[in-house]
Structures are given as C-alpha cells and as structure tokens.
Amino acid sequence: MGNSPSALPPLTPKPNNVKLLYFNLAAKGEPTRLMLSIGKVNFEDKRVPFEEWPQLKSSTPFGQLPVLEVDGTTIAQAGAIERYAAKLAHLYPSDPLSAAKVDQVVCFVDEFLPLFAPTMGITDPEAKANAQREATEKLKPKLAKLNEMVEKAGNGYLAGSKLTYADIAAFCYVCFLLSGMFAGATMSVLDSYPALSNYRKKIASLPEVKAYYEKQSDRDTFKP
Amino acid sequence: MPKDVKITYFDLAAKAEPSRLMFAIGKIPFEDKRVSFAEWPGMKSSTPFGQLPVLEVDGTKIAQSGAIERYAAKLANLYPSDPLEAAKVDQVVCFIDEFLPIFSSTMGIQDPEAKAKAQREATEKFKPKLAKLNEMVEKAGNDYLAGSKFTYADVAAFCYVSFLLSGMFAGATLEVLKDFPAVANYRKRIASLPEVKAYYEKASGRDTFKP
C-alpha cells in the first residue's frame, strides 16, 4: 500500500473559521496568507499593531507571532502554519518522497530571514544600516544557490512538476527581503541572478498570485 | 515502502538521530552510513547543499534534516495524516529545532578554554527553552507532546534533549534536568518505550538515550 505521486491528497473538509494573527509585515505571515488565498480558504487576516503586541504576547503558545486559530484550535510557529495552509491549498504532496522534496527547499529558504532578523533590534540608524548591508552580502551566496536550483528545475518549479509550498516560500521570502526594508537589499540585487529574477516574475504572474497582490498594498516587489 | 534507504551523516547523534530512531521504530531497513570528519571535505560537493545529513531513497537524494525527519516519520506512522493534527506535531518540532543552534556555533572554536566557556554560556541560554519544554510536558500529562499518541514531536524532543545533555558540551549534562523534573521524567518515559529501548540497547555512545 502506498501513494503514487499523482494520487490526490485525501479530501480534507475546509475549516469554518480561520484567523491568522501577525504583524503588518510580509515576513513570517506572507506565505500563509498567499497559500490560504490560493486555496480559496476564507480567513481573517488580522494585522497586530506593534503597540498591541506586549499585551497579546503571553496569550500565544510560544510568546511569538504568527499564530493561526482554526475552529478553536491555536497553532503557533510559522513553519507549522505554512505547511497546514499548503495542505489546505493542495500545494503539498501526499506522497512522502515528493513532500520531502518540497520540505528540503523550504528548510533551505528558512535560512534567509534569520540573516536579517538580528538587525531589526539595532536602534542606532547607522549601525542598523551597516548590519543590514552585511546581511545582504551574506544573503548573496544563498541567492546564488537558489539561482542554481531554479536553473536545474526542469519544469520551472522548485520541487516537482507543479507549483508547491516550496515555490511560495522562495517567492515570498525573496520578495520580502529585497523589498527595500533592509538597507542594501533591493530588487537590483537579483541582477546578478537572472534565472532567479525571471522565476520571481513568473511566480508573480501566475493568475492566483497576481490576483492576490492586485488587492494588497506595500507589496510592490511581489508584483510581476 | 522504499527498497533502498541510506542515511549519511557524521558519527554523532545531532541531526541524524531522530531519523535513525524513526526508521528503526518503523522497522524500515536502512544503511546507517557514518562519515568521518576527514572524509567529509572530499564528499561535500556531492551533496545537494554541501551539508549532512543526506538521505538516499531508491536513487533519490533528499537533503536537510527536517525534510529527512518528516519523511522518516511518515514511513514510521509517526506523523498524522490529518493536517491540523500534523500542524500540532510540526509546531513542537519547530520549537525543538531552536535547541541545537544554541550550541552549534561553539563547535568551531579552537581554543579549548574559549570553547568550554562558550558552551557553558550556551547551556544557560538553553535553560529557558527547557523550562518551556517542561511546561509543555506538564500540560501533556499522560498524553504526548502533540496529542494522545507518540509522534515525531516526541522523537525530536527526546533526541535533541538527550544529545545536547550528553556531556559533549561543557556544562550540559543530564544534571541540568534536576531543575526540569517533568522533562527528566519524560526523557525516561520515552527512553523506556519498548521500540526506543530496543534500538538503544544496540547503540554505543548513547548513554543519555537510555532509561
């Protein structure tokens, strides 16, 4: 008994009430938002203002955001939330080996944001900008690797023959980190990685992705 | 079921142990290849990301320990098929994944005194995470970390706690669990499960994984 790669995932009834709580940032909330949208799952996209966060913190499982509430159950940790959203949106294979190909890309992409996260707490603007420019330099070898992965990908998707959670994670984190929020980290960085630059445009141009971002503000780098 | 499964890693618990244990629990025959540090530079470029562990399944290579672990968990029936139940497992694993990085930066320090000092500092940073795990174990009561069944979440917690407190890192021994009695009991409880105990009876260099 086993799953063939083309078998459909078991039918999971869509949940009734889904609420994502995160800050008003792409960062760790965006892949989930995009996947729930692609999966046509109705969800409340709650953006928590930074001032409200200290009061809310102790009510979350790990004192962090994002948190996902699903019909009374609370799930924490961005990776867990993303994989759940991916399954609802049919963007995660049911075959374990095919799923592992998705998971390995996501594990790799998960190395990107931590390069920049320590720079967020630096208060001195000059020190912060320096730290962010250094982080951008550290991101470049990872972008080079991702560029190579895109080049090697036969069908133009990172894990298999169609769009999966792997592509959503890569797309969202590249677009967010090069959004100009971090000194030195803008779209022009992708000039050195043409395959990756084309890939970003290709994912952004997918009808379901394009439609989502047409209705969002502050997501210029997520558009084609 | 795959025909040929091979996991390649260093001769350490660290990032391969949860997968090794889950393949064993699932009675999936696998080649447990241990690479020496001397051999590693020669094989680095043949791996997908220049890192270990790497899993080979009937000719397909999978890298990244998290991906390998979740694959092993599914084969061993330690990962729920229901997405929400699986998310409860994944969230625990995400949290446990924060433990090893606290210590891994100390591995590259050459000077023994500086290394020991850095490891003792790492042990202090580890304690709040053990406190959180202690709370999670207490809340689970007679259940396991992600519900009423033993899952990948428990394997990850057990393996990383047992490895990090194995004495490999200065200051980080099982003594640390004196302040976290629920975790201490939990470690013994998981170590005593028949399939876990049987695996470690045949292993060397794994004292802290035994009951």
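Naming convention: chains lettered A, B, ... in sequence-line order (proteins, then strands); numbering from 1 in each chain. Since we're looking at a predicted model, the values are computed, not measured.
- B/C94 and A/A80 get closest at one heavy-atom pair: SG-N, 3.9 Å.
- Interatomic distance, CD1 of A/I75 versus NZ of B/K88, reported as 6.5 Å (0.5 Å rounding).
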Do B/F95 and A/Q64 pass the side chain to side chain contact (heavy atoms under 4.5 Å, CB included) test, and can you show the C-alpha distance, the side-chain angles, and the key distance before you say yes or no? CA-CA 11 Å; B/F95 170 63; A/Q64 297 172 326; over 6 Å; no

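- Ranked by heavy-atom pairs under 4.5 Å with chain B, the first of A/E148, A/Q77, A/E82 is A/Q77.
- Proximity to chain B (any heavy atom under 4.5 Å) is restricted, for A/K145, to the side chain, taken from C-beta onward.
- Counting heavy atoms from C-beta outward, A/K101 and B/I62 have side chains that approach closer than 4.5 Å.
- When the shell of 6.0 Å around NZ of B/K74 is examined, it contains more than 12 heavy atoms from other residues, nucleotides or ligands.
- The side chain to side chain contact (heavy atoms under 4.5 Å, CB included) test with A/L97 is passed by exactly one of B/L75, B/L55, B/D58, B/T60: B/T60.
- Taken to the nearest 0.5 Å, the CG atom of A/L88 stands 8.5 Å off from the CG atom of B/L84.
- Between A/C107 and B/G66, the closest heavy-atom pair is SG-CA, 4.1 Å.
- Between the A/Q104 side chain and the B/A63 main chain, a donor and an acceptor come within less than 3.5 Å of each other.
- Chosen from B/V93, B/V89, B/V57, the residue pairing most often with chain A at heavy-atom distances under 4.5 Å is B/V57.
- Smallest separation of non-hydrogen atoms from A/A100 and B/A67: O-CB, 3.6 Å.
- Neither the backbone nor the side chain of B/E85 comes within contact range of chain A, judged by heavy atoms closer than 4.5 Å.
- Interface remark: B/I68 contributes no atoms to any contact with chain A (heavy atom separation under 4.5 Å).
- Other residues, nucleotides and ligands contribute more than 12 heavy atoms inside 6.0 Å of the CG atom of A/N198.
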